[in-house]
Student: 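Before anything else, here's the structure in question.
All chains are named by letter (A, B, ...) in the order of the sequence lines, taking the proteins before the strands, and each is independently numbered beginning at 1. Keep in mind that this is a model prediction, so the values were computed, not measured.
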Protein chains: 2
Amino acid sequence: MGERRSGTREKIQAVAVELFAEHGYEKTSLREIAERLDVTKAALYYHFNTKEDIVVSLFDDLIANVDEIIDWATDQPRTLETRQEVIRRYGCVARNRPKSMMRFVQESKATLRELAVGERLQARFQTLAGTLHMPDAPPAEQLRCSIALLSVSAAPFMLKELDATDDEKYAAGLELALELVSSACVGGREPQSKPQSKERSKERQSTAS
Amino acid sequence: MGERRSGTREKIQAVAVELFAEHGYEKTSLREIAERLDVTKAALYYHFNTKEDIVVSLFDDLIANVDEIIDWATDQPRTLETRQEVIRRYGCVARNRPKSMMRFVQESKATLRELAVGERLQARFQTLAGTLHMPDAPPAEQLRCSIALLSVSAAPFMLKELDATDDEKYAAGLELALELVSSACVGGREPQSKPQSKERSKERQSTAS
DNA sequence: GTCTATAAGGTGATAGAC
DNA sequence: GTCTATCACCTTATAGAC
């Protein structure tokens with residue numbers, strides 16, 4: 001289980017995700033990736049069978065990590081605490097990868113949709129968002145949850161023009177995301193006679209960063 | 001100024017934006033567009049000089065409409081009312097075009113970035129978001145404003161899985177967007193001693209749809 | 001305005017030497 | 001593991017007839 005490999009595979013992945021995020025998947029040619037690594041195109045084919053396989057390999061552990069969050073959330077009571085923890089965990093997962101990865105996911109959705117691994121990703125995000133609200137929650141509620149996930153993972157490149165550190169931007173995304181899931185009503189209807197309403201008043205500090 | 005043309009140009013645009021949004025710009029070939037219209041590739045080149053020109057033409061009046069909102073907002077006092085009106089107007093602009101257009105903008109950002117018209121678009125959105133907060137607003141505040149614009153224009157395809165009409169989804173996006181710009185603090189610091197604080201307590205009805 | 005025919009170029013991918 | 005050389009394919013775009 002040691003690093004017995006030369007690490008070329010990982011270098012290919014790192015360069016690829018960077019170029020895919022910046023210029024898009026289709027416009028990034030294997031020639032371009034190879035040139036950046038000072039190898040030839042053919043060398044890439046020793047490590048990956050196809051161009052698409054590079055993308056698939058990129059998202060393998062992201063998907064696994066999201067699945068872990070989903071599994072955890074499914075076993076928890078649907079409380080405010082749980083929703084906040086889902087946001088925090090997803091924020092950690094997003095932060096623990098190259099920034100360009102979430103950027104690729106967010107800014108090349110049309111491409112990823114064609115790639116089948118994109119469908120898998122999309123399904124996970126859908127399910128993850130589903131853990132943040134009741135199944136029959138109203139549209140605005142469901143939208144709020146999807147946007148909370150976006151906020152906690154996409155802040156650094158949504159605030160690209162802003163002069164601040166990535167840390168500050170991630171913190172801002174987390175702050176907003178927590179606010180979004182906290183103002184959410186738990187059930188499908190207005191939260192006025194539900195027993196869950198006991199959780200609805202103990203928050204409102206930001207816990208940013 | 002009448003419709004003296006055969007309308008082929010408009011048909012090309014309509015088909016193109018649909019395919020670009022669904023499969024992405026690069027993966028949509030001119031052959032594919034032509035086939036859908038039962039013409040040949042060469043016919044497209046009578047109406048547009050290049051493939052990129054089709055995209056440019058697509059966004060011409062969207063950009064013009066956004067500019068109008070920016071111009072209007074610039075002349076207004078930076079009040080809550082103004083911010084809400086910006087959201088409403090942008091929501092109208094987004095609704096008044098094919099749904100696939102905003103989808104293309106949101107889901108093919110990497111591609112559009114390479115297309116130069118994408119840079120123009122992006123600059124407009126940046127400026128429009130800037131009208132929703134003070135120049136030195138904290139990161140979370142700026143993020144909230146960007147996300148409000150996203151919410152009001154992207155709800156129908158962000159809620160793709162949801163079983164509801166587009167009208168309901170647009171309404172949900174508007175509701176959330178208004179909430180986001182309403183909970184925003186006006187200045188760069190906490191709103192406690194600013195004179196603008198008089199506007200900060202007359203809202204909190206949703207005015208959805 | 002639309003067609004047929006074709007040019008020019010880049011792409012993903014493979015074969016086989018080292 | 002990486003190379004050279006090559007392939008088949010598809011693309012955008014153009015020329016010129018009708």
Side-chain angles (χ1 to χ4, degrees), chain A residues 1-59 104 108 110-118, chain B residues 1-59 104 108 110-118:
Chain A
M1 289 146 187
E3 305 286 321
R4 74 187 186 288
R5 302 279 207 349
S6 59
T8 304
R9 193 187 148 95
E10 286 70 22
K11 283 182 200 161
I12 294 172
Q13 291 175 315
V15 168
V17 73
E18 211 72 39
L19 292 175
F20 290 164
E22 180 64 28
H23 306 296
Y25 172 76
E26 293 94 343
K27 220 190 165 183
T28 302
S29 64
L30 295 177
R31 175 189 54 75
E32 199 177 348
I33 296 174
E35 275 175 6
R36 279 241 190 159
L37 292 166
D38 263 312
V39 295
T40 61
K41 252 192 323 176
L44 304 183
Y45 279 96
Y46 172 81
H47 298 279
F48 299 96
N49 289 328
T50 66
K51 186 184 182 186
E52 182 167 351
D53 276 353
I54 300 180
V55 178
V56 173
S57 80
L58 244 30
F59 291 126
F104 182 32
S108 297
T111 293
L112 283 169
R113 200 181 305 129
E114 304 280 295
L115 251 37
V117 71
Chain B
M1 290 144 183
E3 305 286 322
R4 74 187 187 286
R5 302 280 209 343
S6 60
T8 304
R9 192 185 148 96
E10 287 70 23
K11 282 182 200 162
I12 294 171
Q13 290 174 317
V15 168
V17 73
E18 212 72 38
L19 292 175
F20 290 163
E22 180 65 28
H23 306 297
Y25 171 75
E26 293 93 343
K27 222 192 164 185
T28 301
S29 64
L30 295 178
R31 177 191 52 74
E32 200 177 347
I33 296 174
E35 275 175 5
R36 280 241 189 159
L37 292 166
D38 263 311
V39 294
T40 62
K41 255 192 318 177
L44 304 183
Y45 279 97
Y46 172 81
H47 297 279
F48 298 96
N49 288 328
T50 67
K51 186 184 182 185
E52 183 168 350
D53 276 354
I54 300 181
V55 179
V56 173
S57 79
L58 243 30
F59 291 126
F104 181 33
S108 297
T111 292
L112 283 170
R113 201 182 305 130
E114 305 279 295
L115 252 35
V117 71

Student: Are B:F20 and B:I33 packed together at the side-chain level, in the sense that at least one heavy-atom pair is separated by less than 4.5 angstrom?
Tutor: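 Sidechains of B:I33 and B:F20: in contact.
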
Student: For nucleotides 2-18 of chain C, just jot down a letter per nucleotide in 5' to 3' order: B, S or -, based on protein non-hydrogen atoms under 4.0 Å.
Tutor: BBB------SBBBB---

Student: Among all residues two or more places apart in sequence or in another chain, which pass the side-chain hydrogen bond (donor to acceptor under 3.5 Å, both in side chains) test with B:S57?
Tutor: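 So B:S57 forms a side-chain hydrogen bond (donor to acceptor under 3.5 Å, both in side chains) with B:Q13.
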
Student: Within 45° of the ring axis of A:Y25 and under 6.0 Å from its six-membered ring centre, is that where the NZ or CZ of B:K27 lies?
Tutor: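 Judged by the rule, B:K27 and A:Y25 form no cation-pi pair.
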
Student: Using a strict 4.0 Å threshold on nitrogen-to-oxygen distance, state whether B:E32 and B:R36 make a salt bridge.
Tutor: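 Salt bridge: no.
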
Student: Applying side-chain hydrogen bond (donor to acceptor under 3.5 Å, both in side chains), can you list everything that pairs with B:H47, at least two apart in sequence or on another chain?
Tutor: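 Result, side-chain hydrogen bond (donor to acceptor under 3.5 Å, both in side chains) vs B:H47: none returned.
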
